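Computed over heavy atoms, backbone and side chain alike; hydrogens, waters and symmetry mates excluded. Computed from a predicted model, the values in this text were never measured in an experiment. Numbers restart at 1 for each chain; the letters A, B, ... are given by sequence-line order, proteins then strands.
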Protein chains: 2
Amino acid sequence: MEIACFIEAADRHCQQQGVKLTALRRQVLELVLSYPGVVKAYQVLADLQKQRGIAAPPTVYRALDFLVAAGLLHKVDALNGYIVCHHVGCSHEGLILVCGDCGRVEELDATPVLDVLRQQAGAAGFAISQQNLMLTGRCKECAV
Amino acid sequence: MEIACFIEAADRHCQQQGVKLTALRRQVLELVLSYPGVVKAYQVLADLQKQRGIAAPPTVYRALDFLVAAGLLHKVDALNGYIVCHHVGCSHEGLILVCGDCGRVEELDATPVLDVLRQQAGAAGFAISQQNLMLTGRCKECAV
DNA sequence: AACGAGCTTGTTATAAAGTAACATTTGAGA
DNA sequence: TCTCAAATGTTACTTTATAACAAGCTCGTT
C-alpha cells in the first residue's frame, strides 16, 4: 500500500526537521492521501467527522497548515485546496501544474528553468519562493 | 493622469474583442487602478458603495470576473485579490510575481522561459494557460 | 414606434472558506 | 511530581463567494 509507505517517509521527514507528526496530523495526511487530486479543507473536515464523530474547522486547518509548512502538502490557492507533495525527499525543485478544471496535478522538475527565473526575478527585486510554486492550466482530458 | 490613459486603452481593447466596457465595469476598473497593489473584492465593494450608495457582492464579482476574462485584471489567488494587468496590448507573455507578505506585484517578461516550460508541460499532458501565470515570493522590502 | 432576444445589473439569501480567542489536554524535561 | 510549552478542543465569528430570480437596458427587426 502506497499510503503506508508515504506516511513512513513523512514520519522520517518530520523527525529530521524536529517536528512532530502527531496522530491527528497523520490522520489528516492520510485523508488527503486518499484522494487522487486536490482536496478541500471542508472535505477533509467531513471525513474527519465521520472517523471521530466531531471536529471543528480549526482542527483541520491547523493540521493542514502544519503539513504544508512541513513540506508534505502543497496548498493550491487557485482551487482552495490541498495536494500531497510527491517529492518530499527530493533535492530538485518542483513546479506544480494544476488543471483548473478537474484539479489534476502534475509536478515537473523545473530546476533549470527556475534558475533562470530566479535571476530575472532577482533583478526585479523579488525572491521566488522555494515552495509551492504552481501554475495553472488544462490537462489533456479537460482540454477543449 | 495615468488612469484615464489606461481606461482609454482598456476601452479600445474591449472594442477589439467585441465586448462592452460598461459604466459599471469601468468604474470597478478605476477603483482597482486607484490602488498601488492587490485589492480585494470587498474593498472594491466598499468603495463602490461609497460612490453609488448601494451595491451588493454579485455586482462587484461580476464586474471583476468580466475584467479578468477580458485580460484587464489578474486574479491573485494566493491573496484573494485582484491587480491591474500592465501589459494589456503587449505581445509578450507575462509572468507575475506576487509578494506573499505585502501584495506588491511585478510582471516579468517570461516568453523564453515559458516556451521551455510549455514543452515540458506538454510532455506531461498539460497545457499551461496563457493568462494569469503567477508565482509567489518575497519582495526586497519584505525579505527577511 | 413597438416588440422581443439577449446581455447586464439589481436584489435577496445563503453557501463556502478561514480565523480569533480562549479553554483544555498532553507530553517531555526539570 | 510539577511545570512549561506545544497541541488540540470549542465557540463564535469574519471574510469570501455564489445561486437564483427579478428588473432594466440595448439594439436590430418589423
Holding to salt bridge (charged side-chain N to carboxylate O under 4.0 Å, His left out), I want the full list of residues that pass it with Glu141(B), two or more places apart in sequence or in another chain. Arg104(B)
Do any side-chain nitrogens or oxygens of Asn80(B) fall under 4.0 Å of OP1 or OP2 in dA17(D)? yes
Val98(A) versus Leu79(A): any side-chain heavy-atom pair under 4.5 Å? yes
Rounded to whole angstrom units, what separation is found between the CG atom of Leu79(B) and the C1' atom of dA17(D)? 17 Å
Test salt bridge (charged side-chain N to carboxylate O under 4.0 Å, His left out) applied to Asp11(B) - qualifying residues, sequence neighbours left out: Arg26(B)
Rounded to whole Å, the CG-C1' distance (Asp77(A) to dA17(C)) equals 13 Å
Rounded to whole angstroms, how far apart are CG on Leu64(A) and P on dA17(C)? 12 Å
To the nearest Å, give me how far apart CG (Leu67(A)) and C1' (dT8(D)) are. 14 Å
So does Lys75(B) get a side-chain nitrogen or oxygen closer than 4.0 Å to the phosphate oxygens (OP1/OP2) of dT16(D)? no
Please state how far atom CZ in Arg26(A) lies from atom P in dT8(D), giving the value in whole angstrom units. 12 Å
If you group Ile, Leu, Val, Met, Phe, Trp and Tyr whenever their side-chain heavy atoms sit less than 4.5 Å apart, what else falls in with Ile54(B)? none
Provide, to the nearest angstrom, the distance between the CG atom belonging to Asp65(B) and the C1' atom belonging to dA19(D). 14 Å
Mind listing the N/O atom pairs, protein and nucleotides 9-14 of chain D, below 3.5 Å?
from	atom 1	to	atom 2	distance (Å)
dG9(D)	OP1	Arg52(A)	NH1	3.0
dG9(D)	N7	Arg62(A)	NH2	2.5
dG9(D)	O6	Arg62(A)	NH1	3.2

Expected list for residues 38-48 of chain A near DNA chain D, using heavy atoms below 4.0 Å, is none
Per the salt bridge (charged side-chain N to carboxylate O under 4.0 Å, His left out) rule, what does the pair list look like for residues 55-67 of chain B, sequence neighbours excluded? none
For Gln49(A), the side chain to side chain donor-acceptor pair (under 3.5 Å) test, sequence neighbours excluded, returns none
Qualifying side chain to side chain donor-acceptor pair (under 3.5 Å) pairs with a residue from residues 115-129 of chain A, counting only residues at least two apart or across chains: Glu93(A)-Arg118(A)
Please enumerate all residues that pass side chain to side chain contact (heavy atoms under 4.5 Å, CB included) together with Ser34(B), with sequence neighbours excluded. none
Set out, line by line, the N/O atom pairs under 3.5 Å between protein and nucleotides 22-28 of chain D.
none

Excluding sequence neighbours, so at least two apart, what forms salt bridge (charged side-chain N to carboxylate O under 4.0 Å, His left out) with Arg52(A)? none
Once you round it to whole Å, what is the distance between P of dG18(C) and OH of Tyr61(A)? 4 Å
Could you pull out all residues at least two apart from Glu106(B) that satisfy side chain to side chain contact (heavy atoms under 4.5 Å, CB included)? Ala124(A), Phe126(A), Leu97(B)
Hey, what do you get for CG (Leu67(A)) to CG (Leu73(A)), rounding to the nearest 0.5 Å? 4.5 Å
